[in-house]
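These figures come from a predicted structure and were not determined experimentally.
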Amino acid sequence: MNTFLIIDIGTSSMRGILFDKKGKRLFKDQLSYQPEYHKDGGVLQDAHVFYNHCLNINKKCADFANKNGYKIIAISMTAQRSSLIPTKSGEPTDKAIMWQDTRVNKLVKVYSAYNDFFIKKSGSRLNAVYLGAKISWLKHNKPDIYNKSDKMFNIPSYLIYHMTGRASTDTTYGSRTNIMNIKTLEWDDDLLKILDISRDKLPSIIKPGEVCGKITKEYANLSGLPEGTPLISAGGDQQCAAMGEGLLNNDSVSINTGTGGYIIKNIDKLPEVLTNNLIYNCSSVPNKYILEIDLLACSSILNWFIENFYGDLNSNFDKVNNDLKSCYDQNINVTSLPYPKGKSVNINDTRIRGAFTNIGLSTTKQDMLYGLMTSLFVEINDGIDILRAYGPISSVVIGGGLTNSKIMDQMQADAYNLKIHKSPVTESTAIGALISVLVNQGVYSSCEEAYSQVVHGKSDCYVPNIHNVELFKELNSRKQELYYVLKDTQAGYYKVDNKQNYYNSEKGDGVKDYHKITV
């Protein structure tokens, strides 16, 4: 029987999964890793870990296939999008700079005057998470490493090179670099010039869903994978997750409530004018773009509250759900700002921090929890409102950690005033990568057909509670008023030096170094 190997590279683990053409999981192997977190904001990882884990996973998958009479006819890879591995002839010249690394923030500030130009050309303001800023930082801070490296890879490109001998990346990753032109889908000379990056150090760009190479004889001997097996670059993890959850048309929105949140909508072509309140990326669905809004903190907000007010997350999750139910459909007067790491929807304000107001002697822990989660969901709805300017939205597909709670799923339906679908898929990123390879190999003629064949089970559906919709609207108006009262004041800042004057963006003052910023 023909099978398809999916390699799914996450922030803390890597998985290899064998599927048949109907989406049945035949085998899975998973290995974990842990980045190094340094006091200067550096987040590093020995790049050899990615190579070794991938090789070991491939060995186990190939061995399982051989022992059970399966034939691996194609491989599909999806990965986290923005970690940097400098290499020479495929060998790392330094540790991987992970996407969470914040040392790049200072460089981003230096180039802030170019933000409008970066948006126009690359689809996003210069972003510390993206690869372009990391490469430029490396050149300025470790010139010896930059100069002796011949290729700057992200994690999937690094592994693709070792598996196929080809240096390539696809446009979904390219659109998370700030140095690929979002309209021409090529490395952009102007952007490269601003960041002082050499084009010859970058891999070639292909479209997602295309063959990026074939397994070499050398890697076949090491891994047991059949020589000549095509390797498909399915695209970045968030793009594949959206596709695996069923975001295939343009009138739905995908919301992933992980540690950080992602709000995604498909479009067929880019608007004439690119704005600052959206990120424009390439989709894993062929010939589509995605509009993306990122939340700096999402399920991490709930984790923080549980840790500080309930104790252990796992043993108290049922208690949290029951407390949310006890407050549901009531007018809770607590107002909250869900910004422990800053506000990113519509306004890029990394200085503002979370807040609770209207706390009285009758206020309970349950009230604060409900107010906090409601404020998060109405903040996400503010993002959906931005996306409404780009076409009709009829429904929302949800995924991620917060969807494990039915009461929170219902709260999301109320906050967005839209029908909510929770996909039955538990491994949406891997399923998205599977859809990509099945279409590439001609098993199915379209992503829609592939999705219908590999996704089984019924989606949970939640319809808005009209009474609660009105309550959420009222809470959102209070939240917005609170934000505008606190922004640009010392009360709204995190660890302000009282000896300095506070920053006032309305007056056009410059950014002050005395604000301690954590991202």
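- Between Lys406 and Asp409, none of the side-chain N atoms (NZ, or NE/NH1/NH2) sits under 4.0 Å from a carboxylate O, so this pair counts as no salt bridge.
- Checked for salt-bridge contact, Asp101 and Arg103 meet the test: a charged N lies under 4.0 Å from a carboxylate O.
- The only member of Ser283, Ser233, Cys282 that meets side chain to side chain contact (heavy atoms under 4.5 Å, CB included) when paired with Thr171 is Cys282.
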message: Please determine whether salt bridge (Lys or Arg N to Asp or Glu O under 4.0 Å) holds for the pair Lys265 and Glu292, giving the CA-CA distance in whole Å, both sets of side-chain angles, and the decisive distance to 0.1 Å.
response: CA-CA 7 Å; Lys265 183 182 189 298; Glu292 183 172 327; over 6 Å; no
Discussion item. With side-chain hydrogen bond (donor to acceptor under 3.5 Å, both in side chains) as the criterion, how do Arg125 and Asn276 come out once you've worked through the C-alpha distance, each side chain's angles and the decisive distance to 0.1 Å?
Written reply: CA-CA 7 Å; Arg125 67 165 58 208; Asn276 186 36; 3.2 Å; yes
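- The residues Lys207 and Asp170 are annotated as not salt-bridged, no charged nitrogen and carboxylate oxygen being separated by less than 4.0 angstrom.
- Geometric assessment of Lys343 against the ring of Tyr483 yields a positive cation-pi assignment under the 6.0 Å and 45° thresholds.
- For Thr257 against Ile380, the heavy-atom pair with the smallest separation is CG2-CD1, 4.4 Å.
- Residues Lys487 and Glu481 are not paired through a salt bridge, judged by the lack of any N-O separation under 4.0 Å between the basic side chain and the carboxylate.
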*Please test Asp116 against Lys120 for salt bridge (Lys or Arg N to Asp or Glu O under 4.0 Å), starting from the C-alpha separation and ending with a verdict.*
CA-CA 6 Å; Asp116 288 345; Lys120 177 182 177 182; over 6 Å; no
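- Taken to the nearest 0.5 Å, the CG atom of Leu270 stands 6.0 Å off from the CD1 atom of Ile182.
- Between Tyr130 and the choices Leu84, Ile279, Val108, the side chain to side chain contact (heavy atoms under 4.5 Å, CB included) rule is met once, by Ile279.
- Side-chain contact, Asp268 with Tyr289: no donor N or O sits under 3.5 Å from an acceptor N or O.
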